[in-house]
> 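Quick one: the structure is below, and I'll ask about it shortly.
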Amino acid sequence: MANKSCFSVVVLISGSGSNLQSIIDNATDIGVKIACVISDRAGAFGLTRANNAHIPTCVVGYKNFTMREDFDRELAKNIHSFKPKLIILAGFMRILSAEFITQFEGKILNIHPSLLPKFKGLNTHQRVIDAKEKYTGASVHFVTNELDSGEVIMQKSVTIDTNDTAQTLAKKVLQQEHILYPLAIKKIIQNYR
Ligand code: GRF
C-alpha cells in the first residue's frame with residue numbers, strides 16, 4: 001500500500017468548489033495531500049477555498065486557448081510538475097481530450113450528480129424530475145474517453161420527494177456528494193498499488 005501521508009493529488013475545479021472543500025476538510029482522514037488546485041477560470045471561488053487552506057493554486061484559463069488540445073497540453077504540463085498519484089475532478093467543466101485522458105489513464109476521478117449509468121451529461125436534476133424517477137444520487141467514477149462512462153467506484157442515493165424541483169434536488173444531492181467523494185477517494189487510495 002502507498003504511504004498515505006504523502007499520497008499526492010491535484011484537484012481540478014471550475015466553480016464553487018464545495019466538493020474541494022469537503023476533500024480539504026477530510027484530507028487527513030482520506031490520507032491525501034493536495035499538491036495543487038487548478039482552475040480553468042480565474043474567478044472560481046474554489047481558488048479562494050484553496051488559498052484559505054494554504055494550498056498552491058494555478059489557473060489555466062480556457063479562454064486563452066482556441067484549440068482544446070492546446071489547453072489540455074498546458075493543463076497536463078502543470079499537472080505533471082506536481083507528479084500527483086491521482087487527478088480529482090471536482091466540478092471541472094471542460095471535457096478533456098483523448099490525448100489527455102490516455103496519459104493519465106486510471107488516475108482521473110470525477111463526481112457526477114446522478115446514479116450512473118443513468119443521466120450522463122449536463123442538466124441532470126431537471127432530466128431526473130422530468131423522467132419521474134423516485135431516486136437519484138451521486139456517483140464517483142474513473143474518467144475515460146467516453147463521457148461519464150468509466151467504472152463507478154462508489155454511489156450514494158437520494159430519495160426524490162413529490163415536491164422536489166431541480167434546485168432542491170441539486171442541493172440534496174450536493175450534500176451527499178460531500179460525504180461520498182472523500183469516502184471514494186479513500187477507497188481508491190487503500191487499494192492503490
Ligand atoms: C457537483 O454537482 C458535481 O457533481 C458536478 O459539479 C458540481 C460541482 O460543485 N460535477 P462544486 O463546485 O464542488 O460545489
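Side chains are part of it too, since the values below use all heavy atoms of this structure and drop only hydrogens, waters and symmetry mates. Remember, it's 1-based here, ligands and their atoms both numbered in the order they're listed.
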> With a cut-off of under 6.0 Å to the ring centre and 45° to the axis, is Arg73 in cation-pi contact with Phe100?
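No.
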
> Look at atom 7 (C) of ligand 1 and say which protein heavy atom is nearest, naming residue and atom and giving the distance to 0.1 Å.
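Looking at atom 7 (C) of ligand 1, the protein heavy atom closest to it is Gly91 CA, 4.2 Å.
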
> Report yes if the side chains of Leu86 and Ile108 come closer than 4.5 Å at any heavy-atom pair, otherwise no.
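No - every pair of side-chain heavy atoms lies 4.5 Å or more apart.
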
> Can an N or O of Asn110 be found at a distance shorter than 3.5 Å from an N or O of ligand 1?
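There is no such contact.
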
> With salt bridge (charged side-chain N to carboxylate O under 4.0 Å, His left out) as the criterion, how do Lys63 and Asp40 come out once you've worked through the C-alpha distance, each side chain's angles and the decisive distance to 0.1 Å?
CA-CA 8 Å; Lys63 286 184 179 158; Asp40 63 335; over 6 Å; no

> Please work out whether the ring planes of His141 and His112 are parallel, tilted or perpendicular, with thresholds of 30° and 60°.
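It falls in the perpendicular class, over 60°.
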
> Out of all atoms in ligand 1, which are within 4.0 Å of some heavy atom of Glu177? Include the element for each.
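Per the distance check, 1 (C), 2 (O), 3 (C), 4 (O).
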
> Report yes if some N/O of Ala90 lies less than 3.5 Å from some N/O of ligand 1; otherwise report no.
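No, since none of the N or O atoms of Ala90 sits under 3.5 Å from an N or O of ligand 1.
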
> Identify the protein heavy atom lying closest to atom 14 (O) of ligand 1, giving its residue, its atom name and the separation to 0.1 Å.
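Looking only at protein heavy atoms, the one closest to atom 14 (O) of ligand 1 is Ser18 OG, 2.5 Å.
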
> Could you check atom 12 (O) of ligand 1 against the protein and tell me its nearest heavy-atom contact, residue, atom and distance included?
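Sorting protein heavy atoms by distance from atom 12 (O) of ligand 1 puts Gly17 N, 2.8 Å first.
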
> Which ligand 1 atoms does Pro113 reach within 4.0 Å, using its non-hydrogen atoms?
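The list of qualifying atoms is 4 (O).
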
> Is the shortest distance from a Lys or Arg side-chain nitrogen in Arg94 or Asp72 to a carboxylate oxygen in the other one below 4.0 Å?
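Asp72 and Arg94: not salt-bridged.
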
> Starting from atom 9 (O) of ligand 1, find the nearest protein heavy-atom neighbour and note its residue, name and distance.
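Answer for atom 9 (O) of ligand 1: Asn19 ND2, 3.9 Å.
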
> Return the NZ to CD distance between Lys187 and Gln190, rounded to the nearest 0.5 Å.
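CD of Gln190 is found 10.0 Å from NZ of Lys187.
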
> Just jot down the ligand 1 atoms closer than 4.0 angstrom to any heavy atom of Ile111, in number order.
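Taking each heavy atom of Ile111 in turn, ligand 1 has 3 (C), 4 (O), 5 (C), 10 (N) under 4.0 Å.
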
> Return a yes/no value for Met93: is any of its N or O atoms, backbone included, closer than 3.5 angstrom to an N or O of ligand 1?
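No: no nitrogen or oxygen of Met93 is under 3.5 Å from one in ligand 1.
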
> Decide yes or no for Pro113 and Glu177: does some side-chain heavy atom of the first lie under 4.5 Å from some side-chain heavy atom of the second?
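Heavy-atom side-chain distance check passes, below 4.5 Å.
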
